[in-house]
Amino acid sequence: MGHLRPLLRLALPNYVALLSAVVAGIVDVAWVARLGPAAVAAVAVATNVENALLGVILLVNGGVVVVLAGRIAAGDRAGARAAIGAAWRIFAVLTPVVVLACWALRRPLAALFLPEPGAADLAVEYFAVSLPAVAIFYAQQVVDGIFAGQGDTRTPMRLALVANVLLVTLDPVVIYGLGPVPACGVVGAAAATAFGRVVALAIGLLLLRRRRAFPEPAGPGLRCGHWCRPGRRSPGTSSCGWRVPSRSSRWSAASG
C-alpha cells in the first residue's frame, strides 16, 4: 500500500492527458452535430483514425519514459540527453512516413468507412487539415514523454487541458462563424483542434527549454519530478514516494 499514492500521483494525470485526445474528437463531433448526420459521421470517422494513429507514437512516448527515467535514476546525464535525442530522431523519421502515407490514402480511408459520397467528401476535407496536424500531435507526445520520464506527468495533463479548452472555445466560432470569422464547417473543427495543439506544444517546448537540468538522485532516493535547487534536496527521501537505489547500492546488493 505504500506505493499506492505515488502510483496514483503519476498515473492519474497520465490517464487524463491520454483521455484528452479522445475527448477532443468527442468535442468536434458534438459541435458539428447541427451540420447534419453526414458531418457527424465524417468527423467521427476522421477522429477515430487519428486516435488509431496515436498508438504509433505511443511506442516512442513509452520508450522515452522508461529509458529516460532509468538514465536519470542512474545519474547518467549524458545517457538521458542521448535518450531524448533518440526520441526526436525517431519522431523525425516516423512522422513523415505516417503523415504522407495517410495523406495519400485519405480518400480510400474515407470511402472505406463512409459509403455515402457526401459524408466521405466531408471526411476528406477534415483529413486535409487533421492529417498534416498529426505532426503536431506526435511532437506533443514526445514532449509529454520527456516530462513523464523525469517524473512529471502533471505538466502533460495541463498541456492537454489547455489544448481542449481552446478547442471548446474555438470550435463554435470557426465551425459556424462569428462576426468576421467565416463559417468553415468540418474544416473549422479540424483547424480548431490543430490550433489548440500548436499552443500546447509551444508551451511545452518553452517549459522544457527552461528546465535545462535533470532531476538528480538525492542519496538513495530519486526526487521524481523535482529539480535540483538549493534547499529542496532531502537526502534519503523521495517527494513522490519512490526510492530508486543508487548505482553504488545496486552494486553492493549484487556483490552481496
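Here the structure is a predicted model, which is why all the values come from computation and not from measurement. Both backbone and side-chain heavy atoms feed into the values below; hydrogens, waters and symmetry mates do not.
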Between [atom1] of [X] and [atom2] of [Y], what distance do you get to the nearest 0.5 Å?
{"X": "Asn14", "Y": "Arg154", "atom1": "CG", "atom2": "CZ", "answer": "13.0 Å"}
{"X": "Asn61", "Y": "Ile90", "atom1": "CG", "atom2": "CD1", "answer": "12.0 Å"}
{"X": "Leu207", "Y": "Arg158", "atom1": "CG", "atom2": "CZ", "answer": "10.0 Å"}
{"X": "Leu68", "Y": "Ile72", "atom1": "CG", "atom2": "CD1", "answer": "4.0 Å"}
{"X": "Leu208", "Y": "Phe147", "atom1": "CG", "atom2": "CZ", "answer": "3.5 Å"}
{"X": "Phe91", "Y": "Gln140", "atom1": "CZ", "atom2": "CD", "answer": "10.5 Å"}

Minimum heavy-atom separation for [X] to [Y], with atom names?
{"X": "Ala123", "Y": "Ala110", "answer": "CB-CB, 3.9 Å"}
{"X": "Leu114", "Y": "Ala42", "answer": "CD1-CA, 3.8 Å"}
{"X": "Gly204", "Y": "Leu159", "answer": "CA-CD1, 3.7 Å"}
{"X": "Val93", "Y": "Pro96", "answer": "O-CD, 3.5 Å"}
{"X": "Ile84", "Y": "Gln150", "answer": "CD1-NE2, 4.5 Å"}
{"X": "Arg71", "Y": "Ala80", "answer": "CB-N, 3.6 Å"}

Is any side-chain heavy atom of [X] closer than 4.5 Å to a side-chain heavy atom of [Y]?
{"X": "Val45", "Y": "Tyr126", "value": "no"}
{"X": "Trp88", "Y": "Ile146", "value": "yes"}
{"X": "Leu54", "Y": "Gln141", "value": "yes"}
{"X": "Val60", "Y": "Ile57", "value": "yes"}
{"X": "Asp28", "Y": "Leu167", "value": "yes"}
{"X": "Cys102", "Y": "Leu53", "value": "yes"}
{"X": "Val64", "Y": "Val142", "value": "no"}
{"X": "Leu109", "Y": "Val124", "value": "no"}

Using side chain to side chain contact (heavy atoms under 4.5 Å, CB included), reason through Leu58 and Leu18 one step at a time and then give a plain yes or no.
CA-CA 10 Å; Leu58 285 180; Leu18 289 174; 3.9 Å; yes
Same cluster (ILVMFWY, side-chain, under 4.5 Å), [X] and [Y]:
{"X": "Leu166", "Y": "Val16", "answer": "no"}
{"X": "Phe137", "Y": "Val199", "answer": "yes"}
{"X": "Phe195", "Y": "Val168", "answer": "no"}
{"X": "Ile136", "Y": "Phe127", "answer": "yes"}
{"X": "Leu12", "Y": "Met157", "answer": "no"}

Quick one: does [X]'s side chain have a donor or acceptor within less than 3.5 Å of a partner on [Y]'s backbone?
{"X": "Thr47", "Y": "Ala44", "result": "yes"}
{"X": "Ser130", "Y": "Ala190", "result": "no"}
{"X": "Asp144", "Y": "Pro156", "result": "no"}

Does a salt bridge link Glu50 with Arg106, judged by any charged N lying under 4.0 Å from a carboxylate O?
no
Donor + acceptor pair across side chains of Asp171, Tyr176 (<3.5 Å):
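The criterion, which ignores hydrogens and geometry beyond distance, is not satisfied for Tyr176 and Asp171.
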